Amino acid sequence: MFNHTRVTQFILRGFSDIPEWRLVAVLFFSLVYAFALLGNISVIIAVVRDSHLHLPMYFFLKNLCFVDLSYTSVTIPKALATTLEGSGVISYFECVTQLYLFFTLGSTECFLLTAMAYDRCMAIYRPLLYGAIMSQRLCCALVVLAWVGGALYAAFLALNTFSLPFCGPNVIEHFFCDIPPLMRLSCADFHSSEAMVFAVGSCVIMSSFALKVLSYICIISTLLQMPSVDGRWKAFSTCSSHLTTVLLFYTSGSFTYLRSASQYSPTQGRLASIFYSILTPSLNPVIYCLRNRDMKDALQRVYCQRKF
């Protein structure tokens, strides 16, 4: 191992290894990125400007959209440039930074979704005390806790990954610096580091997921006690968008990070990453606005001010 030169830069693959598909991939993901920017920025502006949306649910949604906005910006611009060139050079420090920012934002989104599940649980389970429980102070504290927790967890992942020596091949079979393809490039045994990621990830991420499950158990049990079917449907419709986002986020993410790095497939890894790192953050504004009348009205007031 010590006879090799330590890697100082990596080479990223783009969205596609097929030259004929590169231009198509660039055009498609450029449109997706523009859609993500427009959707998330629109929701943020609508929530900030409309006094009717100054509620805990929309406060969390505004923060979620900011995370999604940053989440896609960490990977897509560099991946687009890499795809156009066929392969892109990224320095060791830039790779560390990208991985750290990506997992900070991804973990923060995970914790924010937990806070949003708690918010919906209190709105349905304790509607009369909801305003007192979900105070502005508590909402801000939950958002700060999500960011701090995400930053600390990402710091652990970055340190654990880049404590491995990289002294051989430096081609990352991915469109951004991710843990599984990076571990495969290590010139030392990465299984102990991988086991550490699974152990800590099980405690942190799965604990967050368990809190979401408990919140929805409480929500469902409360809904079943409602005598009116219309009342049940109206109450459930307020959390259906959140549930859709959680299912998309965890389903696509678990496909990548619950598998061993030795079983990593470049094609499958890129496809799964496109779902949880690009498509899900891009679709979140649509998911949250599709069945929300207040959100639709607020967006109309943003874009059709003269009419109103």
Side-chain angles (χ1 to χ4, degrees), residues 43 47 52-65 67-68 106-143 145-146 149-150 153 201-258 272 275-276 279-281 283-296 298:
V43 171
V47 173
H52 297 91
L53 301 182
H54 291 176
L55 300 170
M57 180 175 73
Y58 298 108
F59 174 75
F60 290 123
L61 178 59
K62 176 181 65 177
N63 283 275
L64 182 69
C65 286
V67 170
D68 286 337
S107 304
T108 300
E109 175 156 353
C110 177
F111 300 143
L112 273 177
L113 290 172
T114 304
M116 295 173 79
Y118 177 73
D119 170 70
R120 290 299 84 206
C121 179
M122 289 298 102
I124 295 173
Y125 183 64
R126 288 286 185 265
L128 298 179
L129 299 175
Y130 175 70
I133 295 173
M134 298 305 298
S135 62
Q136 185 177 6
R137 184 176 180 179
L138 178 61
C139 292
C140 291
L142 289 174
V143 169
L145 188 62
Y153 182 58
S202 298
C203 294
V204 177
I205 302 300
M206 289 299 107
S207 297
S208 176
F209 181 73
L211 290 174
K212 295 183 185 72
V213 172
L214 287 174
S215 296
Y216 273 98
I217 290 174
C218 184
I219 288 170
I220 293 171
S221 64
T222 305
L223 292 177
L224 291 176
Q225 295 173 15
M226 290 183 177
S228 170
V229 176
D230 290 338
R232 292 178 192 174
W233 177 248
K234 288 179 181 178
F236 182 75
S237 65
T238 63
C239 53
S240 59
S241 300
H242 174 266
L243 185 60
T244 302
T245 301
V246 169
L247 290 175
L248 285 173
F249 184 80
Y250 273 93
T251 302
S252 54
S254 60
F255 183 82
T256 300
Y257 298 110
L258 292 182
F275 272 97
Y276 72 81
L279 296 183
T280 300
L283 291 174
N284 277 346
V286 178
I287 293 171
Y288 276 95
C289 297
L290 200 60
R291 298 179 58 83
N292 192 314
R293 183 66 186 174
D294 292 336
M295 199 71 240
K296 289 178 183 178

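Every value quoted in this text rests on a predicted model; they were computed, and no experiment measured them.
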(message) Any non-hydrogen side-chain atom of Thr244 less than 4.5 Å from a side-chain atom of Tyr288?
(response) no
(request) Rounded to the nearest 0.5 Å, what's the gap from OG1 on Thr108 to CG on Leu113? Could you check? (result) 11.0 Å
(message) side-chain contact (heavy atoms from CB on, under 4.5 Å), that's the test. Do Phe111 and Val204 meet it? Break it down for me.
(response) CA-CA 10 Å; Phe111 300 143; Val204 177; 3.5 Å; yes
(request) Compare all side-chain heavy atoms of Lys62 with those of Val43 and state whether any distance is below 4.5 angstrom. (result) no
(request) Specify the closest pair of heavy atoms between Ser215 and Cys121, including all atoms of both residues, with the distance to one decimal. (result) O-SG, 3.9 Å
(request) Mind checking the CE-CG spacing from Met116 to Leu61? Nearest 0.5 Å is all I need. (result) 5.5 Å
(request) Say whether, by atom type as modelled, one donor and one acceptor occur between the side chain of Thr114 and the main chain of Lys212 under 3.5 angstrom. (result) no
(message) If you apply the rule side-chain contact (heavy atoms from CB on, under 4.5 Å), what do you find for Thr245 with Leu248, and how did you get there?
(response) CA-CA 5 Å; Thr245 301; Leu248 285 173; 5.9 Å; no
(message) For the backbone of Val47 and the side chain of His52, can you confirm whether one donor and one acceptor N or O come within less than 3.5 Å of each other?
(response) no
(request) Can you see which heavy atom on Ser208 is nearest to which on Tyr250, and at what distance? (result) OG-OH, 3.9 Å
(request) For Asn63, enumerate each residue passing the side chain to side chain donor-acceptor pair (under 3.5 Å) test, keeping only those at least two apart in sequence or located in another chain. (result) none
(message) Contact between Ile287 and Asn284 at the side-chain level, heavy atoms closer than 4.5 Å - yes or no?
(response) yes
(request) For residues Phe209 and Cys110, determine if any side-chain heavy atom of one lies less than 4.5 Å from a side-chain heavy atom of the other. (result) no
(message) As a test of understanding, state which of Phe60, Tyr216, Tyr118 forms a ring pair (Phe, Tyr, Trp, His ring centres under 6.0 Å) with His242.
(response) Tyr216
(message) Any heavy-atom pair between the side chains of Leu138 and Met122 that's under 4.5 Å?
(response) no
(request) Show your reasoning for whether side-chain contact (heavy atoms from CB on, under 4.5 Å) applies to Phe59 and Asp119. (result) CA-CA 11 Å; Phe59 174 75; Asp119 170 70; over 6 Å; no
(request) Any chance you could measure Leu55, atom CG, to Tyr130, atom OH, to the nearest 0.5 Å? (result) 6.5 Å
(request) Can you measure from SG (Cys218) to CG (Leu223) and round to the nearest 0.5 angstrom? (result) 9.5 Å
(message) Check this for me: Tyr125, atom OH, are more than 12 non-hydrogen atoms of other residues, nucleotides or ligands nearer than 6.0 Å?
(response) no
